[in-house]
Amino acid sequence: MAMAIVLVALGASPARADDAQKARELFTQGNTYFDLGQFDKAIEAWQGGYQLKNDPGFLYNIAQAYRTTGDAQKAIFFYKRYLSNSPKAHNRAEVEQKIEALQEQSKNLPPPGPFGPGNPGSAGNVGNVGSTVAPTPGETAATEPPSVAVTGTSRTSPPAEETPGGNSLLEPGAPGPAAPPPHRIDLRAAFGFDTWSSGLQENAQPSFAFTLAGGYTFGPPAARVRFRLGALFGYTFLKESESKESFTSFLVDPTVVVRLAPRFALMGDLGIGVLSIGGIKSTSALLETSSVSVNGSQALGLVRIGVAGEYDLTRNVSLFLWPAYANSPKKQYFYQDIGRFEILAGVAYRP
């Protein structure tokens, strides 16, 4: 009995090695078909390779092929299977953005059927969905062959081994790294201080500053550069010996967002709006002379230029640092242009 078990084990090892070698060959063969534009044959080769070796790289390549041919529903399916089988994939953020872009382009299409790797006709049914999804320029299939170790685990429970990208495979559903948030609407709250660079006849201490903002971001989620249109409410004050002026600003705040890394973005904004100054007395350092009598709040134009660095803690929450310079042109009876440097830090939430 023991001898029989040994013989079976010895016979299984060469078979597994042969499967791994055949999977590599099918991987390379699929890449060749993909480069030649024969996407149905590429899909067929990669599906055959995945049946021999449950490597998520095959699923990613199949999704790329379906996406290139315009079959959005199947591309979404295989991208999701790839992420499920490789929850810590190094390109997780990129793949999630592709999924969202494909979903937006196929909202009006019929729901996908129960297709998947190995189902009859899944390889030869390329392009049967009416949407056209253009591939990203220069995008190709993966070029690294699958890893050599082979186990008998099922497709939904990949082995704990290294993928071509160097990521350890885990059970489906395990938490992976946070991806850049694809949400378009954001709400922001920030606190900091203002320093006065011009506009006063005397020096003033830095003042507490508070800002609330919100915006909507345009452009494909996968794009590196996007445009955001926002609105901003800001508050600070000027503390004098005999008075305290409040500064309240309301701005339209267009912003350019540049994604430098999966978790980090750089933003530049140019806010244009109105500054309302309340509580001014005749002795205020803001006025040109103390003989001026000011009644009620004074409204001035305001231009605010800011640059922010933002780090994503999760897909919904980010931290940011937001330095800016705000300037209001001189108004009649005021001493000069009012200039303020502002340093803010806060939290962004994307519902």
For a quick test of reading the model, state the closest non-hydrogen atom pair linking N316 to P351 and the distance between them.
ND2-C, 4.5 Å
Using the ring of F320 (Phe, Tyr or Trp, six-membered ring only), decide whether R188 places NZ or CZ under 6.0 Å from its centre and within 45 degrees of its axis.
yes
For the side chain of T68 and the backbone of Q64, is there at least one donor-acceptor N/O pair under 3.5 Å apart?
yes
Can you give me the closest heavy-atom contact between T211 and W322, atom names plus distance?
CG2-CZ3, 4.1 Å
S328 side chain to G301 backbone, donor-acceptor under 3.5 Å
yes
Under 4.5 Å between side-chain heavy atoms, counting indirect links through other Ile/Leu/Val/Met/Phe/Trp/Tyr residues: same cluster for I76 and V95 or not?
yes
Distance-minimising heavy-atom pair for K331 and Q298:
NZ-OE1, 3.5 Å
Are F58 and F27, when compared by the centres of their aromatic rings, separated by less than 6.0 Å?
yes
Residues N61 and Y50: side-chain donor-acceptor under 3.5 angstrom
no
Say whether Y60 and Y33 are linked into one hydrophobic cluster, either directly or through other cluster members, by side-chain heavy-atom distances under 4.5 angstrom.
no
Could you walk me through whether Y325 and V303 pass side-chain contact (heavy atoms from CB on, under 4.5 Å), step by step?
CA-CA 8 Å; Y325 176 75; V303 176; over 6 Å; no
Derivation of the side-chain contact (heavy atoms from CB on, under 4.5 Å) call for Y333 and I280
CA-CA 12 Å; Y333 305 126; I280 302 178; over 6 Å; no
Checking Y235 now: which residues fulfil ring-ring contact (aromatic ring centres under 6.0 Å, His included) with it, not counting sequence neighbours?
none
For the rings on F233 and F250, is their centre-to-centre separation under 6.0 Å?
yes
ILVMFWY network linking L200 to L300, side-chain heavy atoms under 4.5 angstrom:
yes
Within the side chain of R259, is there an N or O that forms a donor-acceptor pair under 3.5 Å with the backbone of R224?
no
E310/R350 salt bridge by N-O under 4.0 Å criterion
yes
Can you tell which of E96, R92, K98 makes a side-chain contact (heavy atoms from CB on, under 4.5 Å) with E94?
K98
Determine whether the aromatic ring centres of F78 and W46 lie less than 6.0 Å apart.
no
Looking only at atom types and distance, does a side-chain atom of R81 sit under 3.5 Å from a main-chain N or O of P56, one as donor and one as acceptor?
no
NZ/NE/NH1/NH2 to OD/OE distance under 4.0 Å, R304 and E342:
yes
Taking F208's backbone N and O only, do any of them form a donor-acceptor pair with T236's side chain (distance below 3.5 Å, no angle check)?
yes
Could you tell me whether the side chain of D253 and the main chain of A231 form a donor-acceptor pair under 3.5 Å?
no
Test applied, side-chain hydrogen bond (donor to acceptor under 3.5 Å, both in side chains); reference residue, S284; option that passes from E240, K244, Q201
E240
Spell out, as yes or no, whether a donor-acceptor pair under 3.5 Å connects the side chain of S198 to the backbone of G339.
yes
